[in-house]
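Starting from 1, each residue takes its place in the sequence as its number.
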Amino acid sequence: MRMRARGLLNLRAVLAPVAAGMCVMAAAAAVLVPSLGGGAGEDGPGRGGASAPAVTHRAYGPGAGPAVAKCTARNAAESLRPSPDDGAAVSRIKEKGQLVVGVDQNTYRWGYRNPATGELEGFDIDLARAVAEDILGPRPKVVFKAVPTSQRIPALQKRTVDMVVRTMTINCARKEQVAFSTAYFQGGQQVLAPKASKIAAFDDSLRGKRVCTAAGSTGESELSAQRHGAKVLTVPNQLDCLVRLQLGEADAVVTDNALAAAQAAQDPAVELKGKPFTDEPYGVAMNKDDTDLVRRVNKVLDDYRGDGGADSRWMRAYRTWLQDDLPGISGPPSPEYSD
């Protein structure tokens with residue numbers, strides 16, 4: 001696939017030191033990027049930082065299990081119980097000898113290209129590698145394909161990718177179109193705006209303001225339901241909103257607080273406003289037909305969380321990538337299952 005990307009200048013960041021010397025970049029369309037190392041190559045109780053309990057694996061075969069209850073806000077984050085068994089989807093990945101993962105390459109701390117090394121790094125990238133290692137063994141071949149926010153679901157439906165690990169919020173509308181793992185992180189929608197702005201939160205202080213959000217994101221859905229008199233601007237990728245803010249083309253951004261915190265780390269002139277106003281459990285997304293892959297990913301997440309302690313792989317990744325910008329998280333969200 002021909003690679004196409006554009007570099008975007010961080011107008012404020014060039015005048016002040018930014019975290020890790022990051023340079024803001026944004027991709028305009030899906031691009032194929034090679035694996036970096038080992039091969040070619042964004043509701044309810046029980047989530048939000050509680051330590052994950054040990055999970056008993058039931059003897060379900062690939063794709064097997066009882067019927068899933070109707071999705072509601074209360075049970076949206078439920079997924080299929082873990083299983084190490086190979087089914088059609090896992091076997092297909094093994095036969096190809098590679099795992100194709102839809103990721104972001106522009107979101108600092110989560111999935112971004114380190115300007116010093118040229119390598120993809122971040123919390124989501126580490127998780128994607130863990131899945132590949134479990135299915136393909138040590139030093140697996142992983143192909144990372146950068147996809148805009150609005151193209152995550154089409155990429156799965158068209159099988160352009162095997163899965164998407166890209167801060168993707170689990171909700172009922174999306175579960176009509178794709179399947180999700182259990183939640184691996186808990187975030188919430190929040191407002192990002194310049195520190196000097198009079199915007200206070202997701203409230204009527206947004207009236208008459210230009211508010212940016214990514215097309216196909218939870219932020220767009222929330223603004224569609226209640227825009228508080230704001231003028232809504234949508235862009236393909238969430239990081240494009242930060243650039244619009246820096247160029248004076250937007251007054252505020254509505255996005256997940258986890259992503260907003262990373263953007264604030266890149267630009268010291270902006271800050272989070274108010275408090276999170278939604279629950280945003282992030283999950284690994286897959287094609288709806290790939291139930292055996294869903295169970296396999298949940299098995300990986302079960303191992304990744306461990307006992308939720310400081311030495312778990314999840315907590316090590318949290319300390320490496322997220323703790324500086326999102327301090328105080330004591331452990332991963334607990335898994336919830338529908339069967």
Distance (rounded to the nearest 0.5 Å) between [X] [atom1] and [Y] [atom2]:
{"X": "Leu136", "Y": "Gln98", "atom1": "CG", "atom2": "CD", "result": "9.0 Å"}
{"X": "Asp86", "Y": "Ile135", "atom1": "CG", "atom2": "CD1", "result": "8.5 Å"}
{"X": "Leu99", "Y": "Lys94", "atom1": "CG", "atom2": "NZ", "result": "12.0 Å"}
{"X": "Leu120", "Y": "Arg113", "atom1": "CG", "atom2": "CZ", "result": "4.5 Å"}
{"X": "Thr234", "Y": "Leu223", "atom1": "OG1", "atom2": "CG", "result": "10.0 Å"}
{"X": "Glu280", "Y": "Thr278", "atom1": "CD", "atom2": "OG1", "result": "3.5 Å"}

Short side-chain to backbone donor-acceptor contact, [X] and [Y], under 3.5 Å:
{"X": "Lys195", "Y": "Pro268", "answer": "yes"}
{"X": "Arg244", "Y": "Val253", "answer": "no"}
{"X": "Asp279", "Y": "Gly187", "answer": "no"}
{"X": "Ser224", "Y": "Glu220", "answer": "yes"}
{"X": "Glu222", "Y": "Thr218", "answer": "no"}

Among side-chain atoms of [X] and [Y], is any donor-acceptor pair under 3.5 angstrom?
{"X": "Thr182", "Y": "Arg305", "answer": "yes"}
{"X": "Ser79", "Y": "Asn298", "answer": "yes"}
{"X": "Gln189", "Y": "Asn257", "answer": "no"}
{"X": "Asn75", "Y": "Glu336", "answer": "no"}

Could you pull out all residues at least two apart from [X] that satisfy side chain to side chain contact (heavy atoms under 4.5 Å, CB included)?
{"X": "Ala258", "value": "Trp110, Phe185, Tyr282, Leu326"}
{"X": "Ala128", "value": "Val101, Phe144, Val165"}
{"X": "Thr117", "value": "Asn114, Glu119, Glu121"}
{"X": "Asp289", "value": "Arg159, Asn287"}

Verify side-chain contact (heavy atoms from CB on, under 4.5 Å) between Val90 and Ile93, making sure each step is shown before the conclusion.
CA-CA 5 Å; Val90 175; Ile93 293 166; 5.6 Å; no
Can you tell if the side chain of [X] reaches within under 4.5 Å of the side chain of [Y], non-hydrogen atoms only?
{"X": "Leu242", "Y": "Gln246", "value": "yes"}
{"X": "Met286", "Y": "Ser181", "value": "yes"}
{"X": "Pro236", "Y": "Thr149", "value": "no"}
{"X": "Leu127", "Y": "Val284", "value": "yes"}
{"X": "Leu156", "Y": "Asp162", "value": "no"}
{"X": "Arg174", "Y": "Arg152", "value": "yes"}
{"X": "Leu192", "Y": "Leu259", "value": "no"}
{"X": "Pro194", "Y": "Leu245", "value": "yes"}

Tell me if the NZ atom of Lys231 is crowded by more than 12 foreign heavy atoms within 6.0 Å.
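No - once you tally the heavy atoms of other residues, nucleotides and ligands closer than 6.0 Å, there are 12 at most.
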Is [X] salt-bridged to [Y], going by a charged N under 4.0 Å from an acidic O?
{"X": "Asp290", "Y": "Arg92", "value": "yes"}
{"X": "Glu271", "Y": "Lys273", "value": "yes"}
{"X": "Arg316", "Y": "Asp126", "value": "no"}
{"X": "Glu133", "Y": "Arg313", "value": "yes"}

Identify the two heavy atoms, one from [X] and one from [Y], that lie closest to each other, and give their separation to 0.1 Å.
{"X": "Ala132", "Y": "Val142", "value": "CB-CG2, 3.5 Å"}
{"X": "Asn237", "Y": "Val147", "value": "OD1-O, 4.2 Å"}
{"X": "Ile170", "Y": "Ala76", "value": "CG2-O, 3.3 Å"}
{"X": "Val270", "Y": "Gln263", "value": "CG2-O, 4.3 Å"}
{"X": "Ala262", "Y": "Arg109", "value": "CB-CG, 4.3 Å"}
{"X": "Lys175", "Y": "Glu78", "value": "NZ-O, 2.8 Å"}

Enumerate the ring-ring contact (aromatic ring centres under 6.0 Å, His included) contacts for [range], please, sequence neighbours excluded, ordered by first and then second residue.
{"range": "residues 285-317", "value": "Phe123-Trp314, Trp314-Tyr318"}
{"range": "residues 164-183", "value": "none"}
{"range": "residues 230-249", "value": "none"}
{"range": "residues 191-223", "value": "Phe202-His228, Phe202-Phe277"}

Under the salt bridge (Lys or Arg N to Asp or Glu O under 4.0 Å) definition, can you give me all pairs with a residue in residues 202-211, not counting sequence neighbours?
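Every salt bridge (Lys or Arg N to Asp or Glu O under 4.0 Å) pair that includes a residue of residues 202-211, provided the two are not neighbours, is Asp204-Arg207, Arg210-Asp251.
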Let me check something: do [X] and [Y] share a hydrophobic cluster, defined by ILVMFWY side-chain heavy atoms less than 4.5 Å apart, either directly or through other members?
{"X": "Val235", "Y": "Val232", "answer": "no"}
{"X": "Val294", "Y": "Tyr184", "answer": "yes"}
{"X": "Leu301", "Y": "Leu80", "answer": "yes"}
{"X": "Leu322", "Y": "Ile329", "answer": "yes"}

Show every disulfide (SG to SG under 2.5 Å) that has at least one partner inside residues 69-132, sequence neighbours left out.
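Non-adjacent pairs meeting disulfide (SG to SG under 2.5 Å): Cys71-Cys172.
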Pairwise disulfide (SG to SG under 2.5 Å) hits with a residue in residues 290-339, at least two apart:
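Residue pairs with at least one partner in residues 290-339: there are none.
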With sequence neighbours excluded, residues passing side-chain hydrogen bond (donor to acceptor under 3.5 Å, both in side chains) with Ser312:
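Scan of Ser312 (side-chain hydrogen bond (donor to acceptor under 3.5 Å, both in side chains), adjacent residues dropped) gives none.
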Could you walk me through whether Asp292 and Arg296 pass salt bridge (charged side-chain N to carboxylate O under 4.0 Å, His left out), step by step?
CA-CA 6 Å; Asp292 67 301; Arg296 186 62 170 265; over 6 Å; no
For Asp124 and Arg166: C-alpha separation, side-chain torsions, deciding distance, then whether salt bridge (charged side-chain N to carboxylate O under 4.0 Å, His left out) applies.
CA-CA 6 Å; Asp124 282 344; Arg166 195 187 183 284; over 6 Å; no
